[in-house]
Amino acid sequence: MLTDYPERCSTVITGVERHSRKRYTLRLAETPFRPEGGGQPGDGGRLESEDFSGSVTGCTSNADGAHLLDVKPRRGTPQEGDAVEATVDLARRGRYARMHTGEHILSRILERTCPGLSIGKVAIGGEHSTVFLRYDGDLTWEALFEAERGAADVIGRNLPVECRVLSPAEAWERGLRAKWDRLDDEPVRMISIRGFDRIACSGSHVPFTGQVGAVVVTGFKGSPPEWQVSFTVDGEVAAEGSRRMRMLERELATPAAKIPGLVAKRRDEAAGARKALDKVKQYLAFPWEREELPGGWRLHALVLAGIPGELVTPALKRIITDDDGAVGCVLLQEGDGPEAQVLLARGGSCPLDARTVVRRAELQAKGGGAPEWVSGKTGCTSVRLWKKAIADELA
């Protein structure tokens, strides 16, 4: 792995800050742990001494440049002055190194293939990473797939990745891309992918691009000019996507190239159907059961199967609007299962708190809302039990 930090070292605890029995912040005289920075989390690992052992879950640095370790004790209590063996979790560091190198490759290709695109910041993770960028154009899957192909070429060429430390003047003379407003007069760490890219970066990297494995874009979101692109270096993600696409091709009896068009067509048809429903649902009539409740209030109950709640909602609203002393209870059974969607509402003069009804144990319901309107799920589809619970609350 390309890093300025060793794998382990013998050192001494120079500072202990206790937060709880399960968390400490420790400082060491020397440390092999790389602190977080450049969008990459800090190293993890372990500390071992005769009387203490602990897991290092993260590493940061303070304004003075001191490295601070977040440590969870496994045995004993850390003491200032204790000699310890510090060992880095190389698997974790290796994942970040692959990810960070993959990010450099993907970001450079996007900058070159989308004129005007610039990288704002990155968030490197062990499984997935995100690039935050600015681009006034419309980012598309076609552009991202092209960037994937370019990244595959760079990875396949197995280019050397090298690290050099330059003075600020040398870095400026070389035209090194860097966030100069964040750099002081300290040396600048330059990461070069031979013949492809060089940039100021404090992160961990692999020594050859072939060790990245793959760059697979897993998603993107945003709108001009702010975008986010997520990716992984796990090539199995691409293989799994290919397998699922082939299954989908067979299921839809449609070639992969035509599936996006088919989805767009179905989306338009669904939008048209929703508009049609919006026009007619106010005219729908349902078989309400009506009866008197204690105190002269009026209950309207309805049990249906396979009907979405949005079709019934306008009718329920009309009941409690036209009669401010009414209570409306709707149970919409879902398939053959024991659960149903429940809608419970009451008119403005009725004192019922719909929330207290839903909380009754015998109704096996969960939901939320206001005193006058609650929606949720219930395991009780007995209208008799719902009527009794409402009557009890009004008694």
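Side-chain atoms of Glu334 and Lys377, non-hydrogen and from C-beta on, do get closer than 4.5 Å to each other. No side-chain heavy atom of Glu162 sits under 4.5 Å from any side-chain heavy atom of Met190.
At a threshold of 4.0 Å, the pair Arg157-Asp153 counts as salt-bridged, since one of the basic side-chain nitrogens sits closer than that to a carboxylate oxygen. Residues Asp51 and Arg75 are not paired through a salt bridge, judged by the lack of any N-O separation under 4.0 Å between the basic side chain and the carboxylate.
Applying the side-chain contact (heavy atoms from CB on, under 4.5 Å) criterion to Asp353, with sequence neighbours excluded, gives Arg355, Thr356, Pro371. Residues that satisfy the side-chain contact (heavy atoms from CB on, under 4.5 Å) test with Glu17, not counting sequence neighbours, are His19, Thr25. By the ring pair (Phe, Tyr, Trp, His ring centres under 6.0 Å) test, Phe220 is found to be paired with Trp141, residues two or more places apart in sequence or in another chain being considered. Applying the side-chain contact (heavy atoms from CB on, under 4.5 Å) criterion to Ala361, with sequence neighbours excluded, gives no partner residue. For Glu170, there are no salt bridge (Lys or Arg N to Asp or Glu O under 4.0 Å) partners two or more places apart in sequence or in a different chain. A search for salt bridge (Lys or Arg N to Asp or Glu O under 4.0 Å) contacts involving Glu269 returns Arg266, not counting sequence neighbours. With sequence neighbours excluded, the residues forming a side-chain contact (heavy atoms from CB on, under 4.5 Å) with Arg243 are Glu236, Ala239, Glu240, Arg246, listed by chain and number.
At a threshold of 4.5 Å between side-chain heavy atoms, the hydrophobic network of Ile, Leu, Val, Met, Phe, Trp and Tyr places Ile119 and Val215 in one connected group.
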Working note: Lys387 + Glu289, criterion salt bridge (charged side-chain N to carboxylate O under 4.0 Å, His left out); need CA distance, chi angles, decisive distance, verdict. CA-CA 11 Å; Lys387 288 179 180 179; Glu289 298 179 21; 3.2 Å; yes

Would you sort out whether Lys388 and Asp392 count as a salt bridge (charged side-chain N to carboxylate O under 4.0 Å, His left out), showing the intermediate values? CA-CA 6 Å; Lys388 183 178 184 304; Asp392 289 346; 3.0 Å; yes

Is there a salt bridge (charged side-chain N to carboxylate O under 4.0 Å, His left out) between Asp89 and Arg93? Walk through the geometry before answering. CA-CA 6 Å; Asp89 180 346; Arg93 180 185 280 179; over 6 Å; no

Is there a salt bridge (charged side-chain N to carboxylate O under 4.0 Å, His left out) between Arg34 and Asp4 once you walk through the steps? CA-CA 8 Å; Arg34 175 197 172 278; Asp4 302 330; over 6 Å; no

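Under a cut-off of 6.0 angstrom, the local environment of CD in Glu226 is crowded, with over 12 non-hydrogen atoms contributed by other residues, nucleotides or ligands. Summarising the local packing, CZ of Arg112 is surrounded by more than 12 heavy atoms from other residues, nucleotides or ligands at distances under 6.0 Å.
Put simply, CD on Glu36 and OG on Ser202 are 10.0 Å apart, with the number rounded to the nearest 0.5 Å. For the atom pair CH2 of Trp386 and CG of Leu331, the computed distance is 6.5 Å after rounding to the nearest 0.5 Å. With rounding to the nearest 0.5 Å, the separation of OG in Ser118 from CG in Leu110 is 11.5 Å.
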Listed pairs under 3.5 Å, donor-acceptor, residues 99-106 side chains, sequence neighbours left out:
{"unit_1": "His100", "atom_1": "ND1", "unit_2": "Gln40", "atom_2": "OE1", "d": "2.7"}
{"unit_1": "Thr101", "atom_1": "OG1", "unit_2": "Ala97", "atom_2": "O", "d": "2.8"}
{"unit_1": "Thr101", "atom_1": "OG1", "unit_2": "His205", "atom_2": "ND1", "d": "3.2"}
{"unit_1": "Thr101", "atom_1": "OG1", "unit_2": "Val206", "atom_2": "N", "d": "3.1"}
{"unit_1": "Glu103", "atom_1": "OE2", "unit_2": "Ser107", "atom_2": "OG", "d": "2.6"}

Table please: side-chain donor-acceptor pairs of residues 292-308 below 3.5 Å, with sequence neighbours left out.
{"unit_1": "Arg298", "atom_1": "NE", "unit_2": "Asp323", "atom_2": "OD2", "d": "2.6"}
{"unit_1": "Arg298", "atom_1": "NH1", "unit_2": "Gly296", "atom_2": "O", "d": "2.7"}
{"unit_1": "Arg298", "atom_1": "NH2", "unit_2": "Asp323", "atom_2": "OD1", "d": "2.9"}
{"unit_1": "His300", "atom_1": "ND1", "unit_2": "Arg290", "atom_2": "NE", "d": "3.4"}

Just list the side-chain donor-acceptor pairs under 3.5 Å for residues 7-16, sequence neighbours left out, or say none.
{"unit_1": "Ser10", "atom_1": "OG", "unit_2": "Glu85", "atom_2": "OE1", "d": "3.1"}
{"unit_1": "Ser10", "atom_1": "OG", "unit_2": "Glu85", "atom_2": "OE2", "d": "2.4"}
{"unit_1": "Thr11", "atom_1": "OG1", "unit_2": "Ala29", "atom_2": "N", "d": "3.4"}
{"unit_1": "Thr11", "atom_1": "OG1", "unit_2": "Glu30", "atom_2": "N", "d": "2.9"}
{"unit_1": "Thr11", "atom_1": "OG1", "unit_2": "Glu30", "atom_2": "O", "d": "3.0"}
{"unit_1": "Thr14", "atom_1": "OG1", "unit_2": "Arg27", "atom_2": "O", "d": "3.3"}

Do any side-chain atoms of residues 248-265 form donor-acceptor pairs under 3.5 angstrom with protein atoms, and if so which ones, sequence neighbours left out?
{"unit_1": "Glu249", "atom_1": "OE2", "unit_2": "Ala256", "atom_2": "N", "d": "2.7"}
{"unit_1": "Thr254", "atom_1": "OG1", "unit_2": "Leu252", "atom_2": "O", "d": "2.9"}

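Cation-pi geometry between Arg92 and Phe33 is not met: the NZ or CZ atom fails to fall both under 6.0 Å from the ring centre and inside 45° of the normal.
Counting only distance, with no hydrogens or angles, the side chain of Thr57 and the backbone of Asp70 share a donor-acceptor pair below 3.5 Å.
Evaluation of the side-chain hydrogen bond (donor to acceptor under 3.5 Å, both in side chains) test over residues 302-318, restricted to residues two or more places apart or in two chains, returns none.
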